[in-house]
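Here is the structure we will look at.
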Amino acid sequence: MVPVGPADRFDAFRALADRRGRPGDRLIKSLAEARAETAESPEVWAPAVAAGIGLPAAAALGPASYYADLVAPHGHRHVRVCAATACFAAQTGRHLTEVEHELGITAGTASPNGATSVQAVRCLGYCYAGPAALDGDTPCTGPTLAGQLAGREPPRAPEIPAADDTGDPVLLGGVVAGEPAWQVWPRMVTAGTADEVQLEVAASGLRGRGGAGFRVAAKWEAAGRAPGTVVVVNGDEGDPGSYADRLLMEADPERVLEGLALACFACGARQGVVLVRSEYPRALARMRDAVGQAYADGHFGPAVHGTASAVDVEVVEGAGSYVAGEETALIASLEGDRGCARPRPPYPTRRGLWGAPTVVNNVETLAAIPWIVSRGGGAYARRGALNETGTKLVCLSERFARPGAYEVELGTPVRRIVTELGGGLKDGSELTALQVGGPLGGFLAADALDVPLTTADLAACGAALGHAGLVAFDQRVPPEEVLRHIWQFAAAESCGACSPCRVGSRRGLELASAGTPPGHEWERLSHVLAEASLCAFGRRIPPAVHSLARAYGDRLAGWDQ
């Protein structure tokens with residue numbers, strides 16, 4: 001690995017944490033290291049970790065009992081099996097039972113001698129080749145998953161198929177055409193201005209690709225180039241069915257980092273933080289290597305390319321939480337706290353990481369910035385739909401005849417993506433429902449695909465764009481099982497910060513598991529979740545269930561009330 005930079009380089013992010021008097025930025029990493037050495041429950045080992053870095057026991061017990069990576073027992077061999085939507089759809093969830101039987105261990109436990117442990121997780125980013133598992137950091141995928149983990153077959157982990165459907169890729173230029181990164185940043189930092197970057201991004205109309213769809217230039221402007229501003233790269237791609245961020249971080253991390261550098265320049269930020277989810281070990285390694293190379297090449301450091309501009313970047317590993325992908329929850333996790341959503345205001349752009357103004361952009365958003373600055377915001381704005389400009393990476397799941405990541409212009413009909421790019425379903429299977437944008441995004445019926453791929457058009461159909469992962473369900477999967485799967489995901493991933501979501505998601509799972517027909521209790525539960533949940537996670541559960549019922553029609557009669 002290339003050295004991270006000069007020995008005397010400043011570490012502004014660490015200094016920021018130290019100034020706040022909080023060693024919490026080291027807490028999650030220290031807890032993860034301790035967790036890997038024991039199969040004991042967190043209350044046994046977490047207090048000692050806290051004491052070792054000068055924190056009270058409660059500071060460690062909170063995150064240690066929250067994050068999936070820290071709660072699950074770890075044997076010397078730790079196997080993470082994906083139980084997310086695409087892998088569920090591939091074999092109706094049977095693969096987890098097969099792995100448990102093959103290894104003789106129930107998910108969530110370790111063998112008596114601590115040799116092996118199994119953990120069910122959501123998601124590993126191998127949606128195009130599921131079902132999937134990580135044996136340590138070694139991926140295994142496909143219908144012979146259990147045999148691979150048992151050692152009867154070699155591990156199988158195909159690369160992500162990627163293709164461009166636009167004729168001039170914004171995001172996949174490096175992946176499909178070998179276009180080099182770092183072509184814009186040196187010129188801009190030496191001869192350009194922060195205003196130029198800001199104006200081009202504003203002219204582009206670019207919206208955040210993490211799901212919320214907020215205008216990027218407006219978020220940057222809200223930070224006001226205040227002293228101490230931090231830019232955070234959100235690589236916590238948690239929507240099951242999407243692996244676009246994993247593709248970019250593994251195959252073209254330099255483009256993501258160039259986008260980060262330009263964002264820091266526009267926002268007047270000297271600090272950048274890249275958060276990569278722990279379920280993506282290869283992406284984590286690639287990002288760390290790319291950051292080291294960027295320092296060596298002068299792209300980062302205290303005097304970037306001999307100028308007065310300074311950019312310091314740190315890569316941080318997540319600890320396993322879907323909700324921690326929400327920007328306030330992500331900031332909480334970086335501070336060493338439980339990854340729970342925080343009330344707003346104050347917004348992160350005013351008071352975020354360690355109280356500093358913080359801009360959070362996801363991986364795909366930042367990967368578009370070099371193209372926009374190079375070609376011009378106007379050129380980007382001419383692509384896509386009227387009010388939703390540009391391109392989007394769409395990920396197709398394993399059930400498709402041609403699964404993979406496709407760059408398309410926003411506004412492309414969903415039916416065209418499914419039938420022409422994806423080739424329909426494999427093995428002559430019949431599409432019965434299409435999930436768009438993750439488990440809480442929404443579902444479309446097979447005869448309701450004539451909708452443009454935009455946030456507004458999908459919302460009008462009761463779905464959501466989200467990360468634009470498309471998971472196909474065929475006739476083999478009973479709709480009642482899909483319904484129960486949604487509630488399992490909701491109950492497992494609720495952060496627990498607010499009682500409507502914490503209690504409501506578990507009650508919904510109980511009703512779905514018991515086969516309770518829809519009625520007054522469901523109506524009341526739906527209303528409480530939608531109106532009283534602290535963040536979009538809880539509020540999105542009822543619309544997702546409604547859309548599923550509409551997609552299946554009479555086969556889930558009554559649930560679309």
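Values below: all heavy atoms of this structure, side chains included; hydrogens, waters and symmetry mates excluded.
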Kindly give the heavy-atom pair with the smallest separation between [X] and [Y], and that separation in Å.
X	Y	result
P169	V176	CG-CG2, 4.3 Å
P348	R344	CD-CD, 4.0 Å
D252	G174	OD2-CA, 3.5 Å
L247	A162	CD2-CB, 4.1 Å

Next item on the list: Start with the C-alpha distance between Y280 and D137, add both sets of side-chain angles, then the distance that settles side-chain hydrogen bond (donor to acceptor under 3.5 Å, both in side chains), and finish with yes or no.
Entry: CA-CA 9 Å; Y280 288 178; D137 286 346; over 6 Å; no
Checklist line | Lys/Arg N to Asp/Glu carboxylate O, E327 vs K219, below 4.0 Å | finding: yes
Notebook entry, point to check: Any ion pair linking R342 and D337 (charged N to carboxylate O, less than 4.0 Å)?
Noted result: yes
Margin query: Between H78 and S117, is the side-chain hydrogen bond (donor to acceptor under 3.5 Å, both in side chains) condition met? List the steps.
Written below: CA-CA 5 Å; H78 186 56; S117 54; 2.6 Å; yes
Check: How far does CZ of R351 sit from OG1 of T358, to the nearest 0.5 angstrom?
Finding: 10.0 Å
Would you check if there is a donor-acceptor pair between the side chains of [Y] and [X] at a distance under 3.5 Å?
X	Y	value
D289	Q293	no
D135	T138	no
S333	E335	no

Mind checking whether [X] and [Y] have side chains closer than 4.5 Å, heavy atoms only?
X	Y	result
V274	E314	no
V79	L134	no
E388	T455	yes
D165	L421	yes
V71	Y66	no
R375	D168	yes
L465	L410	yes
L262	M188	yes

Mind checking ring pair (Phe, Tyr, Trp, His ring centres under 6.0 Å) for [X] and listing every partner two or more places apart, or none if nothing turns up?
X	result
F400	none
F265	W185
Y406	none

Next item on the list: Evaluate the side-chain hydrogen bond (donor to acceptor under 3.5 Å, both in side chains) criterion for residues R383 and T391: first the C-alpha distance (whole Å), next the side-chain angles of each, then the deciding distance (0.1 Å), finally the verdict.
Entry: CA-CA 7 Å; R383 309 181 69 176; T391 68; 6.0 Å; no
Checklist line | Verdict with reasoning, R77 to L149, per side-chain contact (heavy atoms from CB on, under 4.5 Å) | finding: CA-CA 11 Å; R77 178 195 183 192; L149 293 172; 4.1 Å; yes
Are the side chain of [X] and the backbone N or O of [Y] linked by a donor-acceptor pair below 3.5 Å?
X	Y	value
H467	P240	no
E200	G376	no
E407	T166	no
R350	P357	no

Next item on the list: On the 0 to 90° scale, with breaks at 30° and 60°, tag the W182-F300 ring pair as parallel, tilted or perpendicular.
Entry: perpendicular
Next item on the list: Flag yes if more than 12 heavy atoms outside H305 fall under 6.0 Å of its NE2 atom; otherwise flag no.
Entry: yes
Margin query: Just checking E221: does its CD atom have more than 12 heavy atoms from other residues, nucleotides or ligands closer to it than 6.0 angstrom?
Written below: no
Margin query: Is it the case that the ring center of Y128 lies less than 6.0 angstrom away from the ring center of Y243?
Written below: yes
Checklist line | Qualifying residues under side chain to side chain contact (heavy atoms under 4.5 Å, CB included), relative to E153, sequence neighbours excluded | finding: T144, Q148
Item checked: Verdict with reasoning, L31 to L27, per side-chain contact (heavy atoms from CB on, under 4.5 Å) -> CA-CA 6 Å; L31 289 170; L27 179 57; 3.8 Å; yes
Next item on the list: Mind jotting down which residue pairs meet the ring pair (Phe, Tyr, Trp, His ring centres under 6.0 Å) criterion with at least one end in residues 213-235? Sequence neighbours excluded, please.
Entry: none
Checklist line | side-chain contact (heavy atoms from CB on, under 4.5 Å) between S65 and R338, intermediate numbers included | finding: CA-CA 9 Å; S65 60; R338 294 164 62 96; 3.8 Å; yes
Item checked: Sequence neighbours excluded, every pair satisfying salt bridge (charged side-chain N to carboxylate O under 4.0 Å, His left out) that has a member inside residues 227-249 -> D236-R277, R246-E250
